[in-house]
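On a predicted model such as this, the values are computed, not experimentally measured, just so you know. Lettering of chains follows the sequences in order, A, B, ..., and the numbering in each one begins at 1.
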2 protein chains.
Amino acid sequence: MTTQRLSVDDWIGAALDIMATDGIGGVKIQRLCDELGVTKGSFYWHFKDLDAFLDAIAERWRDGEGRFRSRLDDAVRSDPKRGLSNTVSAFLDRRLGRLERAMRDWSRTDDRARAAIKSADKRTFDALVSGFEGLGFDRGESDVRAKILFYAGVGFGDVGPIGDRSEPARQLETLVDLLTR
Amino acid sequence: MTTQRLSVDDWIGAALDIMATDGIGGVKIQRLCDELGVTKGSFYWHFKDLDAFLDAIAERWRDGEGRFRSRLDDAVRSDPKRGLSNTVSAFLDRRLGRLERAMRDWSRTDDRARAAIKSADKRTFDALVSGFEGLGFDRGESDVRAKILFYAGVGFGDVGPIGDRSEPARQLETLVDLLTR
DNA sequence: CACGTACCATACCCGACGGTATGGTCCCCG
DNA sequence: CGGGGACCATACCGTCGGGTATGGTACGTG
């Protein structure tokens with residue numbers, strides 16, 4: 001097809017795709033081989049074992065998430081209110097949301113995933129705090145509001161939209177408005 | 001020890017205990033047998049197979065959760081503001097929270113768990129809405145505030161406390177205050 | 001052109017786990 | 001007191017998935 005030979009990133013990318021749909025439980029060596037049109041001999045050439053592979057997955061998610069959050073940091077610094085909206089609207093992105101969800105589920109039973117999630121959460125939360133501070137709120141008020149916004153974002157990613165006529169984007173604006181007044 | 005012979009509820013109870021610590025992934029027949037001091041012959045006498053057992057687990061959680069939420073409903077009806085606090089403080093209960101978290105994780109890959117979670121969520125959310133309505137907010141305002149409170153509660157159960165000097169209970173009061181003004 | 005290395009196929013082993021068949025023990029009831 | 005059902009032990013099977021050993025092919029390099 002595209003590339004005849006595979007690279008390490010190809011394997012990790014395939015794993016992340018699976019995680020976004022079926023969670024970490026769907027990541028099996030044999031399944032990866034099938035989807036990549038290859039056998040296990042290939043896998044064990046690129047990676048020592050499954051554990052090392054999972055290390056690489058968590059690490060790559062951490063890096064990718066790091067770059068993503070740093071972009072949000074810049075957005076918050078330049079325009080706090082718009083930056084806040086953008087940060088939270090990231091929770092609404094389906095594909096991104098599903099991957100993050102899979103990571104959170106995985107983090108319940110795996111320390112690597114927990115560490116990755118924790119560092120990403122810290123970045124996001126700090127960005128939210130400085131966003132509120134940029135709007136004039138003092139340290140304490142910013143802290144509380146950032147927590148609410150952050151928890152609500154995670155909760156939304158967990159539960160999904162509530163009700164029939166719910167329009168997530170609009171509700172989000174209402175939430176941000178309510179917290180920035 | 002206590003009871004020489006086991007009942008269906010003993011098995012389900014043991015499974016829920018395991019779920020609260022290790023999630024649904026820790027629920028293995030052999031492990032249950034070990035903890036109950038019994039062999040697989042016993043399990044397959046009480047239950048047709050693992051699938052039927054998981055049915056029973058989801059059903060029992062649903063029932064227990066139903067009774068729990070109905071108590072919250074009463075609390076909200078009698079004293080809206082205190083009822084709201086109590087409802088959200090339920091998210092802070094460690095043991096309860098860990099079980100609910102395990103159910104949510106499980107619901108990502110299982111329809112029974114998803115249905116159970118969904119019905120429980122609907123109950124909780126409706127209670128929150130009527131709580132805000134009881135405080136004088138109109139339908140729309142109550143809906144938005146209930147969503148924020150609900151999402152934030154779920155998110156808190158997902159992420160856990162943020163920061164070092166964070167005192168969850170105090171933050172909760174601040175959140176409720178902020179939403180009820 | 002020989003040769004080493006990167007990349008992969010094939011074949012096999014092993015443990016964990018769900019599931020089944022069958023026999024045993026205790027207790028209640030007629 | 002004898003029989004039947006509730007409850008459990010033992011032994012065994014099949015499958016799935018991780019892991020390993022080894023051989024094969026293509027490609028670059030001296």
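With rounding to whole Å, A:Trp45 atom CH2 is found 19 Å from C:dT10 atom C1'. Straight-line distance from the CZ atom of B:Phe53 to the P atom of C:dG19: 12 Å, rounded to whole Å.
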Show, in sequence, the C-alpha distance, side-chain angles and deciding distance for A:Asp121 and A:Arg104, and conclude whether the salt bridge (charged side-chain N to carboxylate O under 4.0 Å, His left out) test is met. CA-CA 11 Å; A:Asp121 281 352; A:Arg104 289 191 190 281; 2.9 Å; yes

Identify all side-chain donor-acceptor contacts of residues 34-47 of chain A below 3.5 Å with residues at least two apart in sequence or on another chain.
| unit_1 | atom_1 | unit_2 | atom_2 | d |
| --- | --- | --- | --- | --- |
| A:Asp34 | OD1 | A:Gln30 | NE2 | 3.2 |
| A:Glu35 | OE2 | A:Arg31 | NE | 3.3 |

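Side-chain N or O atoms of B:Arg98 include one that pairs as donor or acceptor with a backbone N or O of B:Thr21 at under 3.5 Å.
Residues satisfying the salt bridge (Lys or Arg N to Asp or Glu O under 4.0 Å) criterion with A:Arg101, sequence neighbours excluded, are A:Asp105, B:Asp158. With sequence neighbours excluded, the residues that form a side chain to side chain donor-acceptor pair (under 3.5 Å) with B:Asp126 are B:Lys122. Not counting sequence neighbours, the partners of B:Tyr151 by the ring pair (Phe, Tyr, Trp, His ring centres under 6.0 Å) test are A:Phe156.
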Do nucleotides 11-24 of chain D as a string where each nucleotide becomes B, S or -: B if the base has a protein heavy atom under 4.0 Å, S if just the sugar-phosphate does, - if no protein is that close. ------SBBB----

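Proximity of B:Val129 to B:Arg139: side-chain heavy atoms (C-beta onward) are separated by under 4.5 Å at one or more points.
For B:His46 and D:dA6, the shortest distance from a side-chain N or O to OP1 or OP2 is not below 4.0 Å.
For the segment residues 31-39 of chain A, the set of residues with a heavy atom within less than 4.0 Å of an atom of DNA chain C comprises A:Gly37, A:Val38, A:Thr39, in numerical order.
With respect to A:Asp22 and A:Lys28, no salt bridge is recorded, no charged nitrogen being found less than 4.0 Å from a carboxylate O.
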